[in-house]
Structures are given as structure tokens and as C-alpha cells.
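Keep in mind it's a predicted model, so treat the numbers as computed, not measured.
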Amino acid sequence: MYMSAVRTTFTNELMKNSVVDFMSKHLDLTNGMMMCFRCHLSENQILNIMVFPDKETRERSEEHTS
């Protein structure tokens, strides 16, 4: 398994919630992703953790979402 984590800080809580909603509907569990979960660190910050079967699948997923 290969995990990728991204911590993101938004300008406000509304922007954070909008992006989380979009990601939940359109990006989670796509392009070979096995699991995705988020930790809400503060009202405007999240830690997004994605799990892939291997590094190559993660790299291909990144190409599709760029």
C-alpha cells in the first residue's frame, strides 16, 4: 500500500467545506484509490489521507486530477 497525505489551510470555513464537499462527490475512491479519510484540524484546515495499492497507481491518479 502507498499512502499520500496533504494538509491544506483555507481562507475560511466556508471555503474548506466547499472543497471537502467537491472532493467527496468527485475525487474520493477514483483512479484506483482504495481509501480516503480526512481529519479536520481546525475550522479552516484539513488533513486529507489517500490510500492506493502502490506508488504507480498514485502517480497515475495524480495525472488524471491535474
Side-chain angles (χ1 to χ4, degrees):
M1 281 194 294
Y2 185 81
M3 296 176 69
S4 178
V6 179
R7 185 184 65 165
T8 307
T9 302
F10 300 92
T11 54
N12 56 51
E13 188 175 11
L14 176 64
M15 184 62 113
K16 178 186 95 168
N17 291 336
S18 297
V19 171
V20 167
D21 184 55
F22 176 83
M23 288 171 38
S24 295
K25 291 178 180 176
H26 300 285
L27 299 177
D28 288 357
L29 305 178
T30 61
N31 302 315
M33 186 185 307
M34 297 168 52
M35 183 187 327
C36 179
F37 58 96
R38 290 177 192 85
C39 300
H40 294 261
L41 303 175
S42 69
E43 70 178 30
N44 69 330
Q45 192 173 74
I46 61 170
L47 176 64
N48 191 58
I49 301 167
M50 300 161 285
V51 180
F52 295 88
D54 51 45
K55 186 176 180 179
E56 293 75 24
T57 304
R58 169 62 179 121
E59 290 169 350
R60 281 195 307 273
S61 175
E62 190 174 273
E63 292 171 7
H64 287 102
T65 57
S66 298

Query raised in the report: Between I46 and H40, is any pair of side-chain heavy atoms under 4.5 Å apart?
Result: yes
Query raised in the report: Which value, rounded to the nearest 0.5 Å, describes the distance between E13 atom CD and S18 atom OG?
Result: 10.5 Å
Query raised in the report: Where is the tightest heavy-atom contact between P53 and G32, given as atom of each residue plus distance?
Result: CD-O, 3.3 Å
Report task. Starting at CD of E43, measure out to CG of N17 and round the result to the nearest 0.5 Å. Result -> 10.0 Å
Query raised in the report: Below 4.5 Å, heavy atoms only, C-beta onward: do F52 and N31 meet side chain to side chain?
Result: no
Query - Closest approach of A5 to L47 (non-hydrogen atoms, all atoms of both residues) - result: CB-CD1, 4.2 Å
Query - Salt-bridge criterion met for R58 and E62 (N-O under 4.0 Å) - result: yes
Query raised in the report: Same cluster for M33 and I49 if Ile/Leu/Val/Met/Phe/Trp/Tyr side chains link at under 4.5 Å?
Result: no
Requested in this report: Please name all residues satisfying salt bridge (Lys or Arg N to Asp or Glu O under 4.0 Å) with D54, sequence neighbours left out, ordered by chain then number.
Outcome: none
Requested in this report: Could you state whether V6 and F10 fall into the same hydrophobic cluster, counting links through intermediate Ile, Leu, Val, Met, Phe, Trp or Tyr residues with side-chain heavy atoms under 4.5 angstrom apart?
Outcome: no
Report task. State whether the number of non-hydrogen atoms from other residues, nucleotides or ligands found under 6.0 Å of M15 atom CE is greater than 12. Result -> no
**Report entry** Min side-chain heavy-atom separation N44-T11 under 4.5 Å
**Finding:** no
Query raised in the report: What closest approach, in Å, do M1 and M34 show between heavy atoms, and which atom pair accounts for it?
Result: SD-CE, 4.1 Å
Query raised in the report: Atom CE in M23, atom CG in D21: separation rounded to 0.5 Å?
Result: 10.5 Å
**Report entry** Closest non-hydrogen atom pair, R38 against S24
**Finding:** NH1-OG, 3.6 Å
